Amino acid sequence: MLIRSMNITSIIQQSVIEAVQELYGAMIASDSVQITATRKDFQGDYTVVTFPFTKLSGKKPEDIGIELGNFLVARVPHITDYNVVKGFLNLVISDRFWIDFLQAIYENEDYGCKPLSGEKAMVEFSSPNTNKPLHLGHIRNILLGWSTYKILEASGFEVTRVQIVNDRGIAICKSMLAWQKFGEGATPESSGIKSDHFVGRFYVLFEKRFKEEYKAWQQTEPAKQILAPWLLDAKNLSKAAKWAEDEKKKLLEKGLPVEEADFTPEAYFFKEVYKNTYFNEYSALGKEAKAMLLRWEAGDPATLELWRQMNSWVYAGFNDTYNKLGVVFDKLYFESDTYLLGKDTVEEGLQHGVFYKKPDGSVWIDLEDAGLDHKVVLRSDGTSVYITQDIGTAQLRYRDFGVKRMIYVVADEQNYHFQVLFEIMKRLKEPYSEGLHHLSYGMVDLPSGKMKSREGTVVDADDLIAEVIQEARNDSSERDTLADLSVAEQNAIMQKIGLAALKFHIIKVHPKKRMTFDPKESVDLQGQTGPYIQNAYVRIRSVIRKAEQLGSLAAAAEYAQTEPAEKELLAQLYAFPEVIETAGKEYDPSHIAAYCYNLAKLFHRFYHDHSILGAANEAARDFRLMLSMATGNVLRKGMDLLGIEMPDRM
RNA sequence: GGCUCCGUAGCUUAAUGGAUAGAGCAUCUGACUACGGAUCAGAAGGUUAGAGGUUCGAGUCCUCUCGGAGUCACCA
């Protein structure tokens, strides 16, 4: 009985340990027993690698394989046969085992998921700035965050979904100022523009006006006086020359004309070297924006009102995008509430010697023995920096929810920041410090190069979503499978297909890898795509609809001999819980994506080669129906873990 | 320059240290009076950036070189 409820691979593992002890008198650890699914070209279901046992037994790997094989067949009920190829012992599992397994799971819609364990986790994702709409980079972030939440939940955690909204600072002040100066009282309603895009336009407008102002200033006498000495330094000139070379190369690669661009040292100076200084010290617009930030910090009512107005527009727009992506949050943390947090902790840590104070009054931490650097946590004027706020926010979250695991979904440009943050939390002896994890993901590039919001080369999230849905619609119009449905029903299906294409295309890539996003490929509906997997599911639904009057499926129990295509499917279904476990342990949804694709592929092949409803006998038909139902459930669950919905028809 | 990450077919990518590196796209060839062809089967395409090393066994671990990215703020 116990054996029945245990995982077959753990049974094999345990049995191998016993075998090694009985045959060779050696104790081995369970992780030295390597068990994998047998490769397709060989006979068998599971493979034990016998190379590691050569030393302790003094025998050849082949002989060990034979001895272990005999032992396992004699001792383990469901192992019926074995064969040995070099150091690989291939074990054959009985059809009975697989058929029993299928009986046990085919109606269980939560197969693969663990019950709640009482442990709590938190996932922070999306976390946008409130000065412009969401773009492709946010989409990767959101998909990873959402999927991580789903996977952790399936792993038994109670998960809280949060974002930290960067709703304050100079960026939003730029949008506010541009609206105040140039907006003429326009609103998203009056202009008919989606409200977050509306705010984003003013951010862009600010940058445009600032550039014009800067350009004009460059012709003035003070500018020339600043430039002249810089031009005399040979080091500067060589830097400028290198910059010019790099820029020219980039243009050539993109096939853009080189002649029109300005690559003089002057251009380099004003573009790359002096821009920030100009903004901070000379710019009239810069001065106004900074003044606005000061008024905001001082709590000036009119400024706060404008700020609330602009942000509420942005939130309405964000929510619309989140809705389209099927994403919700349990709690929002606003930077305007949290940016002063952490200071008390630093003061306290200062007493305990975790931090130290420099003569100028700034407070630091020495992390050199952890392979890191010295890091400032309070400025000399006593105000806090970015990391101070993160210290306080982590503590606040622990107080709010009691979570011992916090996952931050943030791009890899902040790797160092999180290394430092987590090290600080450890030294502060926070009870959850071991459970902090940075889910770091690579930035998204376009075939034409990097996305840069200032250069207008970002892919907008709303545009992209609309585009993939339109592509699904175009493709569907060439078929007539949905003609009897209402327009609303058809639209709902198009949305599921288009989003599946987009989401799967992004989430199938390992998070850590920087990815090149080709819009043309993201709307593909064939091959290794979301719609391919949906299509397998739709086929299953269609068969089940046709089979509904058949009743009990009792004859499946009499099915005796499985076909290879069926066993491959069974073995893949059997692996589902383990895949969820791995994805959860590694915080890596791409495992689930690969799994779903492989399962769909196996099903498509099985479906093509074997008739389900027209099977030779009732036993085979019922068995195959069960197998289809189980596959459908797992596909739906697996895709749900990626945030992808399955249509019943398409 | 220091530190970190990445480099796999033309392109996008997969592979708890294990068998002949697995897919998809694109290219070429087949399979539709069909349980839904958004499918299936096949061909062709690889010195896993390069050189050493550890190991019975290396795409994976170690060292170096080359190429790309990120970071090294009293910015966030």
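Reminder, nothing fancy here: chain letters follow the sequence lines and each chain counts from 1. The structure displayed is predicted, hence computed values, not measured ones.
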Between [N] and [M], how far apart are the two [atom1] atoms, rounded to whole Å?
{"N": "B:A43", "M": "B:G22", "atom1": "P", "result": "13 Å"}
{"N": "B:U16", "M": "B:U54", "atom1": "P", "result": "25 Å"}
{"N": "B:A44", "M": "B:U29", "atom1": "C1'", "result": "11 Å"}
{"N": "B:G59", "M": "B:G18", "atom1": "C1'", "result": "13 Å"}
{"N": "B:A73", "M": "B:U47", "atom1": "C1'", "result": "45 Å"}
{"N": "B:G46", "M": "B:A21", "atom1": "P", "result": "13 Å"}

Atom pairs, N/O to N/O, protein against nucleotides 41-43 of chain B, distance under 3.5 Å?
from	atom 1	to	atom 2	distance (Å)
B:A41	OP1	A:Arg605	NE	2.8

Kindly state whether the pair [X] / [N] counts as stacked, where counting means centroids closer than 5.5 Å and planes tilted less than 30° apart.
{"X": "A:Phe51", "N": "B:G18", "value": "yes"}
{"X": "A:Phe88", "N": "B:A19", "value": "yes"}
{"X": "A:Tyr416", "N": "B:U4", "value": "no"}

Exercise. A:Gln414 versus A:Tyr408: any side-chain heavy-atom pair under 4.5 Å?
Worked result: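 Heavy-atom side-chain distance check fails, nothing below 4.5 Å.
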
Exercise. Any side-chain N or O of A:Lys585 less than 4.0 Å from the OP1 or OP2 oxygen of B:U16?
Worked result: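 No.
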
Exercise. Looking for any heavy atom pair under 4.0 Å, which part of the strands does A:Ile497 touch: base, sugar-phosphate only, or nothing?
Worked result: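 Here A:Ile497 touches the bases of the nucleic acid.
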
For this session: Assign A:Asn535 to base, sugar-phosphate, or nothing according to its heavy-atom contacts below 4.0 angstrom with the strands shown.
Result: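 Sugar-phosphate only.
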
Problem set entry | Nearest to side-chain heavy atoms of A:Arg379, which nucleotide of B:A14, B:G18, B:C75 |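 The listed nucleotide nearest to A:Arg379's side chain is B:C75.
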
For this session: Please find out if less than 6.0 Å separates the ring center of A:Tyr278 from that of A:Tyr274.
Result: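 Between A:Tyr274 and A:Tyr278, which both carry aromatic rings, the centre distance is not below 6.0 Å.
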
Exercise. If you find the nucleotide of RNA chain B closest to A:Ile35 and the one closest to A:Phe517, which residue's nucleotide is nearer the 5' end?
Worked result: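 Looking at the nearest nucleotide for each, A:Phe517 comes out on the 5' side.
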
